[in-house]
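We number each residue from 1, following the sequence as shown. Side chains are part of it too, since the values below use all heavy atoms of this structure and drop only hydrogens, waters and symmetry mates. Since the structure is predicted, the reported quantities are computational estimates derived from the model, not experimental observations.
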Amino acid sequence: MSYRDLALALPVVVPAILAVAGYFMGWSRPTRILSLATPIALALAALAARVGSPLSLFGAAIYADSMTAFMLITISLVSLLAIVASWSYLEAEAAHGPESAHKARRYLVLLQIFLAAMAGAILSDNLGLIWVAIEATTISTAFLLAHKGTSKALEAAWKYVIICSFGITLAFFGTVLLYFSATHAGLPSARALDIHELIAVSTKMHNAATKLALGLLLLGYGAKVGLVPFHTWLADAHSQAPAPVSALMSGVLLSVSFGILLRIKNFSDLSVGSGLFRNGLLVMGMATIIVAALLLVGQKDFKRLFAYSSLENMGLIAVAASIGSHLALYALLLQIFAHGIAKSTAFISAGQLQERTGSTAISEVSDLARRSPALALALALATIALLGFPPFALFSSETAIGYALGSSGGIITLLVAALALLVGFASIVRHVSAMLFSHPVVAATKFRISRLESLPLWAGITISLYVGVFASPLFGVIERASSVLGAVR
């Protein structure tokens, strides 16, 4: 086995080993340091994936190309921020006694399983294995959502399990139907779910079974992305999860699920035509943007505020995917990366704010700029990055999506989307400004954040700013990834 082959197996193998180590060793200084091995493994696999031609190992259990490299880079950076943020989060919990130490051990194990499952979904070319990996993310994150053990956390976890399990069941039926159609098109059973094998026989699969299968896959993985009408789990889950988990779910899990839809869209466009996914993503994406904007207006919880912002961004990415041009694909990939970094930073800062105030209610937070200048500045910059102000990376991606939409003739769609985004923009500015600058009725105490707590915040802001200003070398990776996605159109 070559170095490249070994590197591509690391993102699944390393977190699996760390999960076992965490189970036996618990939360300790060694396991804290060892946890950094997972983002390092993801980065090494990304480097291996972007060097040379696409590579397939163990049948289609592992498949790597430029799109794989891009997604692994995104997961690596966001997981690094989340893991470092977890250090202070778990240290605070472990100090409260044996029960908290047990919860910290469980958190550590589940977090590594979650990362391994996401990496497995990205690295596989087989729809059956992808389904298993996505189901594994549902199971691991459900327990992470319920980590706090409160009634609201348990309710959010159950809601997440029910809605996402319904979606993943639709995806399962779609996978079975696609297998049926592929075997009748002449593919051997062992390779009937390999995406690149499906693409090779796509012209033989223009039939009702394939259309139904693809429709179910769109709805199933769309539920995991949080697209309307399956969006109702998202805000509850992100508001109740520990902040580092919210950062991972919003920053990369939604995008991993959407990355799978992009792979399936390649086959769909060739087999049944571009209309199915184009129209489905456009309708679901526009509905998601509008619903998110309306829900942002009267929001009273700052973690739910950022959750609905994620909903808005996923809707915009879906609209970009429906366009399908090279520029649109390029822009949506940049949007995925930029949103992942900025949103993880926002959730981590929101979690630190929750820890200090004991609440996630916007009305309970005031005069933050005076009470904690460092946290206020980090929260303000993360919000500015999310709103797409230059020179942050989201400015470039959103501008490019708007241009691609206008160039494709979707002027009305562009105007409606812009209006909805403007409503969401104004709502976020109003709510965050109130937390930063409004004067409390009763004088509130000042507080500080430690260097360890500030580390992931400033790292996330720096990455977002660097990509927005200098672009290279990420833009080269995105260019190659967008070419892969458009190569079969």
Side-chain angles (χ1 to χ4, degrees), residues 1-25 30-84 86-87 107-126 128-130 132-137 140-141 194-195 244 247-248 251-253 255-257 259-260 263 336-337 340-341 344 459 463 473-474 477 480-481 484:
M1 180 176 287
S2 68
Y3 160 77
R4 190 182 178 198
D5 299 345
L6 179 62
L8 289 173
L10 290 178
V12 177
V13 173
V14 169
I17 294 173
L18 291 180
V20 175
Y23 177 81
F24 288 105
M25 299 172 64
T31 54
R32 184 177 77 173
I33 301 302
L34 285 172
S35 63
L36 292 175
T38 297
I40 293 173
L42 288 161
L44 289 174
L47 181 62
R50 70 183 291 263
V51 175
S53 58
L55 179 66
S56 183
L57 300 172
F58 310 114
I62 293 179
Y63 180 86
D65 58 13
S66 297
M67 178 62 181
T68 311
F70 166 75
M71 291 302 303
L72 288 173
I73 290 171
T74 306
I75 299 172
S76 175
L77 290 173
V78 175
S79 66
L80 178 62
L81 300 180
I83 286 171
V84 174
S86 295
W87 291 354
Y107 177 102
L108 179 62
V109 171
L110 290 170
L111 185 68
Q112 294 296 334
I113 294 173
F114 178 29
L115 292 171
M118 284 196 293
I122 288 300
L123 282 165
S124 181
D125 190 49
N126 183 280
L129 294 177
I130 288 171
V132 171
I134 291 297
E135 180 69 354
T137 66
S140 57
T141 49
D194 296 355
I195 295 175
L248 281 170
V252 286
L253 178 58
S255 298
V256 165
S257 302
I260 294 167
R263 295 283 197 186
I336 283 173
F337 178 86
I341 299 298
S344 60
I463 294 169
L474 182 66
V477 178
R480 288 188 291 272
V484 167

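- Taking every heavy atom of both residues into account, Ser255 and Met71 meet most closely at O-CE, 3.8 Å.
- When each of Asp125, Asp194, Asp65 is paired with Arg263, the salt bridge (Lys or Arg N to Asp or Glu O under 4.0 Å) condition holds for Asp65 and for no other.
- Every residue meeting the side chain to side chain donor-acceptor pair (under 3.5 Å) condition with Thr31, not counting sequence neighbours, appears here in chain and number order: Ser28.
- Residues Ile73 and Ala46 approach most closely at CG1-CB, 3.6 Å, considering heavy atoms.
- In this structure, Ser86 contributes its side chain and Ala82 its backbone to a donor-acceptor pair below 3.5 Å.
- The CG atom of Leu47 sits 11.0 Å away from atom CG of Leu72, with the distance rounded to the nearest 0.5 Å.
- One finds the CD1 atom of Ile463 at 6.5 Å from the CZ atom of Phe337 (value rounded to the nearest 0.5 Å).
- The main-chain N or O of Pro39 is found under 3.5 Å from a side-chain atom of Ser76 such that the two form a donor-acceptor pair.
- Closest approach of Val109 and Tyr23 over heavy atoms only: CG2-N, 3.5 Å.
- Here the straight-line distance linking atom CG of Leu8 with atom CD1 of Ile62 works out to 6.5 Å at 0.5 Å rounding.
- In this structure, Leu42 and Pro11 approach most closely via the heavy-atom pair CD2-CB, 3.6 Å.
- Of all non-hydrogen atoms in Ile134 and Ser257, the two that sit nearest each other are CD1-OG, 4.2 Å.
- A distance of 9.0 Å separates OG1 in Thr74 from CD1 in Ile122, rounded to the nearest 0.5 Å.
- How far CZ of Phe114 is from OG1 of Thr137: 6.5 Å, rounded to the nearest 0.5 Å.
- Under the rule for a side chain to side chain donor-acceptor pair (under 3.5 Å), the partners of Thr141 that lie at least two apart in sequence or sit in another chain are Tyr160.
- Taken from CD1 in Ile83 to CG in Leu34, the straight-line distance is 11.0 Å, to the nearest 0.5 Å.
- No donor-acceptor pair under 3.5 Å is formed between the side chain of Ser124 and the backbone N or O of Ala121.
- Inter-residue side-chain proximity for Leu248 and Leu115 is flagged as met; some heavy-atom pair is nearer than 4.5 Å.
- Between Pro15 and Ile113, every side-chain heavy-atom pair lies at or beyond the 4.5 Å cut-off.
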